[in-house]
Protein chains: 6
Amino acid sequence: MGTRTEDVRLAYKTWKQVQEYLNYDQTVIIPVGANEQHGPSCPVVTDTLLAEHLALEVGRRQGVLVGPTLPIGDSLIHLGFPGTIAFRPSTLMSVIKDYVTSLHKAGFRRFFVVNGHGDNKPPLQSAFSELGEELSEIRYFVHDFWDFPNFREILNDEFGDPNGGHADACDASLLMAIDPSLVNESLLTSEFPKVRYWISRDLVDDLYTKSGVIGSDQRLASKEVGKKLLEEAIQCYSQLLMELMEVKEPALS
Amino acid sequence: MGTRTEDVRLAYKTWKQVQEYLNYDQTVIIPVGANEQHGPSCPVVTDTLLAEHLALEVGRRQGVLVGPTLPIGDSLIHLGFPGTIAFRPSTLMSVIKDYVTSLHKAGFRRFFVVNGHGDNKPPLQSAFSELGEELSEIRYFVHDFWDFPNFREILNDEFGDPNGGHADACDASLLMAIDPSLVNESLLTSEFPKVRYWISRDLVDDLYTKSGVIGSDQRLASKEVGKKLLEEAIQCYSQLLMELMEVKEPALS
Amino acid sequence: MGTRTEDVRLAYKTWKQVQEYLNYDQTVIIPVGANEQHGPSCPVVTDTLLAEHLALEVGRRQGVLVGPTLPIGDSLIHLGFPGTIAFRPSTLMSVIKDYVTSLHKAGFRRFFVVNGHGDNKPPLQSAFSELGEELSEIRYFVHDFWDFPNFREILNDEFGDPNGGHADACDASLLMAIDPSLVNESLLTSEFPKVRYWISRDLVDDLYTKSGVIGSDQRLASKEVGKKLLEEAIQCYSQLLMELMEVKEPALS
Amino acid sequence: MGTRTEDVRLAYKTWKQVQEYLNYDQTVIIPVGANEQHGPSCPVVTDTLLAEHLALEVGRRQGVLVGPTLPIGDSLIHLGFPGTIAFRPSTLMSVIKDYVTSLHKAGFRRFFVVNGHGDNKPPLQSAFSELGEELSEIRYFVHDFWDFPNFREILNDEFGDPNGGHADACDASLLMAIDPSLVNESLLTSEFPKVRYWISRDLVDDLYTKSGVIGSDQRLASKEVGKKLLEEAIQCYSQLLMELMEVKEPALS
Amino acid sequence: MGTRTEDVRLAYKTWKQVQEYLNYDQTVIIPVGANEQHGPSCPVVTDTLLAEHLALEVGRRQGVLVGPTLPIGDSLIHLGFPGTIAFRPSTLMSVIKDYVTSLHKAGFRRFFVVNGHGDNKPPLQSAFSELGEELSEIRYFVHDFWDFPNFREILNDEFGDPNGGHADACDASLLMAIDPSLVNESLLTSEFPKVRYWISRDLVDDLYTKSGVIGSDQRLASKEVGKKLLEEAIQCYSQLLMELMEVKEPALS
Amino acid sequence: MGTRTEDVRLAYKTWKQVQEYLNYDQTVIIPVGANEQHGPSCPVVTDTLLAEHLALEVGRRQGVLVGPTLPIGDSLIHLGFPGTIAFRPSTLMSVIKDYVTSLHKAGFRRFFVVNGHGDNKPPLQSAFSELGEELSEIRYFVHDFWDFPNFREILNDEFGDPNGGHADACDASLLMAIDPSLVNESLLTSEFPKVRYWISRDLVDDLYTKSGVIGSDQRLASKEVGKKLLEEAIQCYSQLLMELMEVKEPALS
């Protein structure tokens with residue numbers, strides 16, 4: 001694929017170009033997002049947009065193809081908020097299984113999932129567990145960017161909270177860093193849940209959130225922190241991707 | 001939503017904006033594409049890109065929200081060509097069922113599917129048949145743009161074939177009209193299948209296609225015809241959408 | 001199987017007779033019907049009976065075995081009318097997949113579906129799409145008889161409508177041609193839907209039909225037109241079957 | 001339905017006739033068969049034909065509607081013999097669940113399954129167990145005719161074996177009683193399995209049968225015994241059906 | 001495994017010990033129970049405890065490994081009684097299929113199911129029917145202990161009823177024989193159903209039972225009869241197991 | 001339930017006792033284990049035994065009922081080691097969904113899962129996500145004991161590794177604390193994987209482990225550390241359980 005500036009989106013290749021790519025690498029990056037409420041200030045596309053942005057930048061730096069972004073995840077808990085579209089976990093499992101099985105037939109063997117939404121992780125891991133039994137020679141990472149220790153350290157330093165929440169200052173900052181027009185800053189707010197345990201959807205309003213924000217003071221968000229977080233996430237993902245590819249230097253750039 | 005120039009993408013709204021939209025309209029447009037081989041000259045994103053382009057333009061003209069584009073469809077028959085990613089029909093059914101069920105919970109009742117890939121139609125219709133039993137008060141169209149009589153007439157006039165095929169002159173023309181750089185014109189080719197009946201994937205090479213083109217001389221494609229086809233598709237879809245909305249004039253623009 | 005007059009029903013063969021048949025042909029005809037309301041004048045068996053009648057006559061003329069008729073299809077939309085029995089599309093998919101997979105294990109490779117009910121087609125095609133990935137060397141047609149251009153031409157000439165509807169003059173005529181006692185002619189009626197888009201079942205009464213007839217004036221039906229339509233359907237199907245068998249002359253008669 | 005001679009087949013009623021029937025009775029008989037090898041002398045339709053014959057005769061005598069016969073059951077173990085078509089138990093479960101759920105929506109509450117094939121019983125019972133949780137006020141019997149004590153007594157007296165087997169003297173006798181031309185008497189044979197435990201299909205040839213007959217000397221079959229068995233089965237089923245209907249006299253004849 | 005006193009529980013072996021066992025035997029015993037109401041005097045663990053007790057004793061006498069006991073079965077009909085936990089039949093099918101498939105991968109080929117709950121049998125048999133198509137060289141018995149003729153004879157002699165019911169004198173006697181403290185004898189009771197046909201759960205109270213006991217006078221139960229029944233069940237199962245292992249003498253004790 | 005010494009196992013209650021319990025508490029503890037290889041020194045029951053032990057002790061201290069232990073989990077990755085029995089994630093999801101749905105019908109609303117095996121967590125969480133949409137008013141925790149910070153601290157202090165692995169010094173120590181005879185100390189060993197990413201099962205031998213131990217030096221295990229870890233886990237779980245019950249003091253002891 002030559003240079004970093006080249007398009008790494010698999011979707012924009014012809015089948016012959018993908019065939020050529022497979023001659024020297026069998027790795028693919030898969031961005032998985034969600035279409036769910038992110039409070040009064042951020043669009044429902046937030047998680048999808050973050051996953052795609054990170055995946056493409058990591059792909060560019062390492063010269064690795066990025067598959068089509070999955071725009072919907074497990075957002076069942078948020079269905080009380082209009083605009084949310086949710087896959088049941090069993091649907092998301094079928095989705096990722098068919099996705100990976102298709103690429104496996106063509107020769108892909110290393111799958112690197114950039115996950116933009118926490119509740120996706122259980123069904124994604126469940127799906128890969130089944131794939132690990134059904135397919136041969138596959139290697140994979142499914143990783144949430146907010147789980148990188150360095151990333152959490154920034155969250156802690158900047159927002160005083162390494163864990164974040166939902167539609168939190170971290171999300172808003174990342175969006176601002178990508179495109180400030182995505183966030184309506186005047187509507188940033190703060191809300192914290194009453195309990196820590198998990199609940200059924202009919203209890204969300206009473207126990208979790210009325211605004212859609214859960215466990216964060218969004219008003220701490222800033223474009224500058226967002227830029228720092230983005231770069232950290234990209235570097236951590238890149239490191240992990242190289243580990244999956246078992247090379248220490250970018251293969252193609 | 002005010003004016004035609006406003007963003008009609010549901011994904012870029014906040015949940016409160018979707019809530020407001022539902023106060024005066026319960027219609028949503030759903031673009032469904034595919035990630036599959038389109039011969040040596042067109043990218044695998046072709047069907048997705050066409051569905052999304054048409055959906056957004058129709059949505060803009062009628063002031064109707066457009067849900068997130070589904071980028072993968074039933075492309076099982078093309079899995080021999082690298083880069084193709086296919087949902088089994090049962091997976092695509094779960095996908096569209098969860099998608100529509102989510103929106104139904106929020107109050108959407110009219111669903112308008114802009115389908116960019118022929119083999120998606122059976123699972124889409126199958127899913128809506130089940131939804132029609134499970135949900136109340138839903139109304140829907142699932143329509144392929146190449147089935148509009150006026151559209152077929154142009155195909156016939158321009159390419160001498162009202163039926164087209166796969167990765168055909170029609171697809172290439174539409175891509176050129178949207179962005180000429182998407183098509184590598186020097187690789188446009190022509191190939192016709194040996195049989196008309198349907199086959200299992202292991203027979204594709206022998207009976208259908210080696211290049212990926214099926215039943216068309218792509219070299220007839222042109223940007224001009226593409227523009228004509230695009231406009232026809234948009235107008236036909238708009239007409240159908242108004243029928244679904246039971247209004248004769250655009251509601252919002 | 002010797003002569004045209006011989007029984008072509010697979011169900012009435014012993015396993016050894018089927019084994020012998022497979023020595024010279026691997027084709028089977030599969031009739032798929034429905035058990036659904038057909039208005040006040042026609043029995044719920046209508047679609048099943050038509051599919052079976054056509055399949056057997058085509059099988060006899062071409063010397064091809066006809067598998068057991070599937071008597072139930074996707075009639076979910078009609079469940080408000082007593083006597084209707086419906087398979088969800090996912091059930092019908094499992095049904096046809098198990099049916100074809102069984103015969104494939106024995107050596108059948110060419111499957112010719114005579115479909116008697118429009119809403120069956122999406123699940124049938126969806127099932128065959130999955131089968132095309134799971135089984136090897138299969139070839140198939142899934143065809144509705146009312147889609148043959150010559151057949152539609154008769155509909156147009158006789159009833160002024162090439163498209164027909166549900167429980168229409170076409171259905172009633174075909175039944176009369178097979179056995180006039182199947183139709184209570186005094187109850188033939190006419191009803192047209194208020195809309196063209198598809199709806200959920202709870203809206204059927206208001207938007208589609210109260211009598212069960214949809215989009216047709218059944219009173220135009222006649223035994224004579226029925227006979228003409230039957231013969232046309234049989235000839236068109238026979239032609240298509242020979243194409244699937246890749247022979248131009250009947251193999252066995 | 002007036003008299004015994006009237007047609008009791010639900011499939012041959014219009015939806016209005018079924019509606020009227022529901023005004024005074026909510027019972028339906030469901031015949032379930034199989035399409036599977038029955039040795040060198042009997043057709044694969046055997047079980048279906050027996051179930052349908054018994055169901056119709058019982059329905060006639062008691063004035064109860066008989067739903068469409070399900071022509072395929074769980075015959076997985078016989079798939080090594082050409083002509084056998086098998087539903088996996090999970091498919092058969094979906095089939096019977098959709099069937100009963102459809103009729104339940106129309107008002108049917110009492111379901112009487114006349115089962116013609118032993119291996120159908122587990123999936124049929126499994127399906128009804130789930131239906132018993134999903135639907136309200138249903139009552140049902142799922143019964144194999146060879147399990148009636150009086151019926152077994154005849155088997156014992158005539159063939160010296162109360163248990164029978166597969167494609168046994170009982171089956172052949174019943175067929176002869178219905179229509180002697182269904183059985184090729186010159187090919188009747190005898191074969192007994194080497195073991196009693198159940199096995200996977202790849203072991204059938206070695207441990208169970210080469211001819212298709214399992215555990216019986218078919219040559220003992222006769223039309224006379226068949227007639228006796230038929231009448232016994234009809235009377236036992238009728239008795240059971242009345243128990244389900246909680247009446248002691250036929251309701252309608 | 002040397003001697004009868006050795007632990008035959010597979011769960012308490014290391015993987016290397018299981019590997020060694022497979023060198024000389026490929027048989028495993030699988031106890032399947034239920035967690036369901038057993039009237040006012042017996043615990044919900046009753047069926048599980050009986051299945052496990054029998055399986056372990058049979059395993060000890062024959063030197064055959066016993067897999068982990070499945071503690072939940074199809075108890076849907078009893079869900080009106082608190083403490084009951086039920087698997088739908090389709091879930092139980094997946095459970096036993098995964099269980100057996102896992103052991104098959106390691107080399108097990110002979111599966112002996114000791115079933116402690118009647119309603120488990122249909123889903124267990126359905127699952128094994130599918131396994132018989134999917135796996136190679138498997139042999140199996142799925143047997144309810146109350147179906148052994150000798151066992152039924154004792155029931156008849158002692159309680160005047162060879163068929164028993166649910167939470168019956170047989171169950172209570174067996175529990176007493178294992179551990180008298182498991183049964184609250186002062187609460188033993190008697191209740192008989194009003195009908196013989198099967199029903200949906202909402203009708204259980206009215207037609208079957210209010211106490212949880214169905215079709216038995218529990219008060220006839222005794223520890224002495226329990227001991228007799230236990231020994232009979234163990235001997236019958238042992239005999240059947242040897243048949244499955246195709247040896248006439250215990251292999252290992 | 002009176003006192004701490006009373007049996008808290010739901011399975012050993014009668015349905016009337018469970019009914020009484022529901023009058024003052026709607027909480028249940030659910031232990032989930034696994035039946036999988038734990039290296040040459042520990043039995044395959046390890047995870048099940050730990051989950052059950054912890055659940056019962058926590059239940060006793062808080063006076064909360066403990067449901068039947070699920071003895072099998074997602075151990076697909078270990079299927080290369082004999083004795084391992086694995087549920088596919090989709091099976092485990094059905095299992096926990098049916099389990100919780102049953103108890104929900106009886107009135108249970110708070111579910112506390114003590115999970116003994118890491119790979120169970122994704123399917124458990126996926127199942128509860130779906131349950132949260134299907135059931136009302138449920139609250140739940142699904143927690144792995146090795147994730148409690150205090151617990152990890154001990155691991156770090158004692159074994160120099162807060163993360164542990166599979167069949168590690170932590171597992172062995174816990175077993176020793178419960179019953180030293182469960183561990184064959186002479187076979188304790190040490191093995192570390194070559195990579196960190198996840199793989200398909202066919203790669204386990206080469207990249208993960210030959211002994212079954214993954215990422216730990218088991219030889220550091222001791223009964224004393226085990227006792228410390230057990231008590232810590234019990235206390236942490238008890239704290240969490242009280243949070244779920246929204247009381248600060250044990251309700252019943």
Side-chain angles (χ1 to χ4, degrees), chain A residues 73-80 86-94 97 100 104 109-113 118-143 194-204 206-207 240-241 243-246, chain F residues 73-80 86-94 97 100 104 109-113 118-143 194-204 206-207 240-241 243-246:
Chain A
D74 174 6
S75 303
L76 291 174
I77 195 81
H78 297 289
L79 278 178
F87 284 162
R88 286 168 299 122
S90 51
T91 298
L92 185 52
M93 286 170 67
S94 295
K97 286 184 68 176
V100 170
H104 183 267
R109 290 294 178 271
R110 294 163 202 257
F111 303 90
F112 189 81
V113 177
D119 288 344
N120 289 348
K121 206 176 180 188
L124 289 172
Q125 287 177 306
S126 296
F128 270 101
S129 172
E130 297 191 359
L131 288 167
E133 181 65 20
E134 296 167 10
L135 305 179
S136 64
E137 296 193 7
I138 69 170
R139 296 144 202 249
Y140 57 96
F141 270 123
V142 178
H143 207 87
K194 294 194 183 120
V195 298
R196 292 198 307 158
Y197 48 73
W198 293 81
I199 56 176
S200 50
R201 183 163 61 87
D202 56 328
L203 302 179
V204 167
D206 282 350
L207 296 176
L240 213 56
L241 176 60
E243 209 175 314
L244 182 67
M245 299 170 75
E246 284 176 5
Chain F
D74 174 6
S75 303
L76 290 174
I77 195 81
H78 297 289
L79 278 178
F87 284 162
R88 286 168 299 124
S90 50
T91 298
L92 185 52
M93 286 170 66
S94 295
K97 286 185 68 177
V100 170
H104 184 267
R109 288 296 178 270
R110 293 163 202 258
F111 303 90
F112 189 81
V113 177
D119 287 345
N120 289 347
K121 206 176 180 188
L124 290 172
Q125 287 177 306
S126 296
F128 270 101
S129 172
E130 297 190 359
L131 288 167
E133 181 65 20
E134 297 166 12
L135 306 179
S136 65
E137 296 193 6
I138 69 169
R139 296 144 203 249
Y140 57 95
F141 270 122
V142 177
H143 207 86
K194 294 195 183 121
V195 298
R196 292 199 307 158
Y197 47 73
W198 294 81
I199 56 176
S200 50
R201 183 162 61 86
D202 57 326
L203 302 179
V204 168
D206 281 350
L207 296 176
L240 214 58
L241 177 59
E243 209 175 315
L244 182 68
M245 299 171 74
E246 283 177 4

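Protein chains get the first letters and strands the later ones, always in sequence-line order, with residue 1 at the start of each.
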Salt bridge (Lys or Arg N to Asp or Glu O under 4.0 Å) partners for F:E134, two or more places apart:
F:K97
Please determine whether side-chain contact (heavy atoms from CB on, under 4.5 Å) holds for the pair F:L207 and A:R139, giving the CA-CA distance in whole Å, both sets of side-chain angles, and the decisive distance to 0.1 Å.
CA-CA 10 Å; F:L207 296 176; A:R139 296 144 202 249; 3.9 Å; yes
Shorter than 4.5 Å, heavy atoms on both sides: which option in A:K121, A:M93, A:R196 has the most such pairs with chain F?
A:R196
Side chain, backbone, both or neither of A:L203 within contact of chain F (heavy atoms, under 4.5 Å)
side chain
Looking only at F:S200, F:A127, F:S129, most heavy-atom pairs under 4.5 Å shared with chain A are made by F:S200
Turns out that what part of F:R110 lies under 4.5 Å from chain A's heavy atoms comes down to side chain
Which atoms of A:L240 come close to chain F, meaning under 4.5 Å heavy atom to heavy atom: side chain ones, backbone ones, both, or neither?
side chain
How long is the straight-line distance from CG of A:D119 back to CD of F:Q125, given to the nearest 0.5 Å?
8.0 Å
Please state whether the side chain, the backbone, both or neither of A:V142 comes within less than 4.5 Å of a heavy atom of chain F.
neither
Between F:S90, F:A86, F:S126, which has the largest tally of heavy atom pairs under 4.5 Å with chain A?
F:S126
Is any side-chain heavy atom of F:D202 closer than 4.5 Å to a side-chain heavy atom of A:S136?
yes
Proximity breakdown for A:L92 and chain F, heavy-atom pairs closer than 4.5 Å:
neither
Just to verify, what does A:H104 make a ring pair (Phe, Tyr, Trp, His ring centres under 6.0 Å) with, not counting sequence neighbours?
none
In terms of relative ring orientation, are F:Y140 and A:W198 parallel, tilted or perpendicular, with 30° and 60° separating the classes?
parallel
